[in-house]
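Written below as structure tokens is the structure these notes are about.
Keep in mind that the numbers below use all heavy atoms, side chains included, and drop hydrogens, waters and symmetry copies. Since the model is a prediction, treat every value here as computed from it, not as a measurement.
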Amino acid sequence: FNNNNDPWAVDDIYIGPSTLVRPTEIQLGTSIDFNAFGPTPNGAMQPFCGRSSALMFNGSTGLQYLETMPVNIGDNGFIQFDLAVGCGIAPTQAFVLELHYSNTSGSGSTTLAASDPWYYLLPAPCNPNSSPASCQSWIGTANPGSFSGGSFSFSNSILPTYGNSILLSSDYVSTFWGQSWTRVTLPLPAHLGNSNRRYRIVTQRPAINTVWAISNLYIGSGCPSGCSGRGSCVGGTCACDNGYTLFNNTCVSANMPTVISESFEDAISQSNWLSVLGGNYSSLTFTSGRCMRFAGSSSRRLTTVDLDTRNASFVEYTLLISSQNSGISQIVLSYSLDGGMTWQSLSTSNGPTGSFSNNIVATLPPAARAYGVRFQWWQPTFSSQTSSEFWALDDIYIGPDRSPPSEVTLQTSLDSNSFVNSLNGNVQPFCGRTALNFNGTGTYQYLDTVPINITNNAFVQFELNMGCNTTYSTFFLELQAQNFSAGTQSSSVTLDTGSSSGFYYALPTPCNPIQTTTCRTWTFTTQPAYYTLPYQGAQYVAGFAPIGGSIFMSADYSPAAFTGGSAWTRVTIPLRLGAGLRRFRFVAQRTTTNAWAIANLYIGSACPVGCGGKGSCVAGSCVCDSGAQLANGTCVSAPGLPTFFFESFSAPLSTDNWLFENGGTISNTVVAGGPNSFYMTQSMTRRLVTQDLDTRNATLIEYSQNVPNGLTSGSGIACAFSLDGGMTWTLIDRTTTSSGTTVRINLLPLAARALGVRFQWWQP
């Protein structure tokens, strides 16, 4: 050796028989027992982060580890320790801790690799994303599928090969509530029992000065079930967490909650939630108020406290997955019966091709209806560590069946007991009233109700505003329904018949009085039988199912569509779906930035006959329009309505005569009887609707009609009347093939000779 420049050291020397009796458990208390532990490079026992004694590791670089002497663990062994990184201060660069074991004396390699003599402690976990059928249970919770730090990295498109043998430093900086210590409890694989092994916790630190520490380390089988994950094993006896007591040498509680109902509007409580990793409060507009949003490069998971689910039935929650998530970025809901040491899959939600949110209901299997069950939402893999690849949770419920409401109402706020999703919608002042306002571009926008127990007489009523005095490119709003039973869930949002999502159009395809001679009455007024959708290139054509009262064209509900420029119009539609449990959805895909809104929404049957189409259902009672009065709980027209109607279109339309006009303008196109007419030419719904009249003494309806170039096959004009404020219509007259000017004279049907009748000319 060269003077004093080549030092070396020796320690822990043993010379003796190979039959040395090894300990059956190892405990790290307030000092390092070198009969139990070997080297601890850069580590020393000292006070750290509120604890009087912990094994603290410091230094800017190099290997740092705690290594045991050989120990002979019996069956059902586990490893448990408390871990703190940075004492609440996140490192400037993340790193990983690894758990290893050795079959030999442990001499030789000290590299971070799964090569002899050191092996990763836990076997490679299965992935409930890639193998949902076969991967029904796993140990612990694996870390994200990619990570890099310091001078090393691991990356795998599915999972890091060794899963729970690797702990991310960012997961142990502090809890969501600011505590610096986190307990880790993991069962040892069965093949490690009853033989001499060494164990170690090791990291290769990046060039930073972050301190990390271990406390209360135990390796053995002295505490049954690892204290059920609810306490620390000290000297072979469980020291139970607050709220738990010792029973049969494990930790139990007599006061576990039986229900969790969480909307994230207030600060979440540790009485409901055990841990939040990678998540924080957000005001994403897919539900009312706040939600919990998960993003970034750390683990992403939300874990409940232990619950008493013996009387629980299901887990319900709303999930939003951003459009940046890859197809493998599923969100897994799982449950644990042993304090988080092992987990069972409950449901998975696939990554989408576009942003949407789901209300998901997962029925609890018999095994999950027990005492001491915790639940966890977890994203095993994600391809990006950026904030654009995120997911979010809201309106979580775990508990017994809830009695569904028989009606829902939207007035001045979104009640989470009535509505579960409002993607890109917020309740706020809009165009003169408080309304659910939707804004944004190029995204789905929708409102979902909870399941409603509707009756045979149920109806839907709402006020609709498109643009608030601003015109823009046409889009469609659709009203959909979903038959609901426990265990079903809504999946992708689609603007079609809903076969892939369980949703279908809430109203049946109406008959067409032009194409079908037997079609004499219909619900609402259908949209054009042919129209090209601006956002999909799809077409609604005659005979194609999704036309009718389930679809609302934006141009029909803009101020220009109404005499006098009214910005709001009420829609009342009898549902006629039959009695049963159903969920409803209003959904649109936008291509413009202009806002639209819904106000005074009601779904139910509290108001008879939908208030006759002449009033609003508020708090279960009809508030009648001007010109209508309350009778037998519903609204009927009051005496004093006009008994005579004449319009020559020689002056601007008057609200005294007209309720609604769309698809046309006053023109000098000559029709017999005068120089002007109302000329229908536009590519939107074409209809002209009168105010309500008193026709009890009327006998006929007469009008001049001009079809300059004739009508194409299947097209035509219908004249109809309504007795219930436009909810249903009955045919008076139809024109199908004639061209040129004709004078149409029809005797009024006896049914149309009544108080409160409105008339409509319409081109289906």
Side-chain angles (χ1 to χ4, degrees), residues 8-16 18 20-49 51-59 62-74 77-85 96-112 117-122 165 167 172 181-188 192-205 211-223 226 232-237 239:
W8 58 284
V10 64
D11 200 355
D12 298 329
I13 296 173
Y14 172 81
I15 303 172
S18 60
L20 177 68
V21 177
R22 300 297 185 181
T24 58
E25 61 183 9
I26 285 181
Q27 185 96 40
L28 175 64
T30 58
S31 62
I32 299 176
D33 178 1
F34 288 104
N35 291 316
F37 296 97
T40 58
N42 295 309
M45 297 296 296
Q46 61 187 65
F48 181 74
C49 207
R51 301 211 171 167
S52 60
S53 183
L55 180 56
M56 187 186 77
F57 291 87
N58 209 335
L63 284 172
Q64 300 177 340
Y65 57 90
L66 170 66
E67 182 179 308
T68 75
M69 301 298 283
V71 58
N72 190 355
I73 304 297
F78 63 94
I79 181 172
Q80 183 183 78
F81 54 91
D82 296 340
L83 180 60
V85 176
V96 295
L97 295 168
E98 302 190 2
L99 307 179
H100 297 169
Y101 77 93
S102 173
N103 294 322
T104 67
S105 64
S107 61
S109 170
T110 55
T111 60
L112 296 181
W118 292 103
Y119 302 89
Y120 283 101
L121 181 63
L122 297 172
S165 298
L167 309 177
Y172 300 92
W181 290 92
T182 301
R183 185 173 61 237
V184 178
T185 306
L186 295 169
L188 296 178
L192 297 182
N194 300 306
S195 57
N196 293 332
R197 317 277 185 182
R198 284 181 186 263
Y199 300 90
R200 74 175 181 182
I201 302 172
V202 58
T203 185
Q204 172 78 53
R205 287 283 304 284
V211 179
W212 64 280
I214 290 174
S215 178
N216 296 330
L217 170 66
Y218 177 87
I219 306 175
S221 56
C223 297
S232 297
C233 191
V234 180
T237 301

Next on the checklist: Rounded to the nearest 0.5 Å, what separates atom CG in N35 from atom OG1 in T68?
Outcome noted: 12.5 Å
Item to check | Close side-chain approach of I26 to F37, heavy-atom, < 4.5 Å | outcome: yes
Next on the checklist: Determine whether a donor-acceptor pair (N or O, by modelled atom type, separation under 3.5 Å) exists between the side chain of T203 and the backbone of L97.
Outcome noted: no
Checklist entry - Heavy-atom distance under 4.5 Å between the side chains of L55 and T40, does that happen here? => result yes
Checklist entry - If you round to the nearest 0.5 Å, how far is OG of S165 from CG of L99? => result 6.0 Å
Checklist entry - Which heavy atom in A54 sits nearest to a heavy atom in A213, and how many Å separate them? => result CB-CB, 4.3 Å
Item to check | Audit row: I79, L121, side-chain contact (heavy atoms from CB on, under 4.5 Å) steps and yes/no | outcome: CA-CA 10 Å; I79 181 172; L121 181 63; 4.0 Å; yes
Checklist entry - Are any of the side-chain heavy atoms of S232 and R183 separated by less than 4.5 Å? => result yes
Item to check | Near-ring test F57/Y65, centroid separation under 6.0 angstrom | outcome: no
Checklist entry - Nearest heavy-atom pair of S53 and T30: which atoms, and what distance? => result OG-O, 2.8 Å
Checklist entry - Which pair of non-hydrogen atoms, one from E25 and one from I73, has the smallest distance, and what is that distance? => result CA-CD1, 4.2 Å
Item to check | Minimum side-chain heavy-atom gap V71-N196 below 4.5 Å | outcome: no
Checklist entry - Does the side chain of I201 reach to within under 4.5 Å of the side chain of I214, using non-hydrogen atoms? => result yes
Checklist entry - Under 4.5 Å between any side-chain heavy atoms of E67 and V202, yes or no? => result no
Item to check | N72 side chain vs S195 backbone, donor-acceptor pair below 3.5 Å | outcome: yes
Checklist entry - Looking at H100 versus Y120, is the centre-to-centre ring distance below 6.0 Å? => result yes
Item to check | Side chain proximity check, F78 to C233, heavy atoms < 4.5 angstrom | outcome: yes
Checklist entry - Excluding sequence neighbours, so at least two apart, what forms ring-ring contact (aromatic ring centres under 6.0 Å, His included) with F81? => result none
Next on the checklist: Run Y119 and N103 through side-chain contact (heavy atoms from CB on, under 4.5 Å) and show every step you take.
Outcome noted: CA-CA 9 Å; Y119 302 89; N103 294 322; 3.7 Å; yes
Checklist outcome for this item: Rounded to the nearest 0.5 angstrom, the CG-CZ distance for L188 and R197 is 10.5 Å
Checklist entry - Should Q80 and T185 be marked as a side-chain hydrogen bond (donor to acceptor under 3.5 Å, both in side chains) after you check the CA-CA gap, both sets of side-chain angles, and the distance that decides it? => result CA-CA 4 Å; Q80 183 183 78; T185 306; 3.0 Å; yes
Item to check | C49 backbone acceptor or donor facing W181 side chain under 3.5 Å | outcome: yes
Item to check | Residues that Y199 engages under ring-ring contact (aromatic ring centres under 6.0 Å, His included), provided they are two or more places apart | outcome: none
Next on the checklist: Just to verify, what does Q27 make a side-chain hydrogen bond (donor to acceptor under 3.5 Å, both in side chains) with, not counting sequence neighbours?
Outcome noted: none
Item to check | Note, Q64 side chain near W212 side chain (heavy atom, < 4.5 Å) | outcome: yes
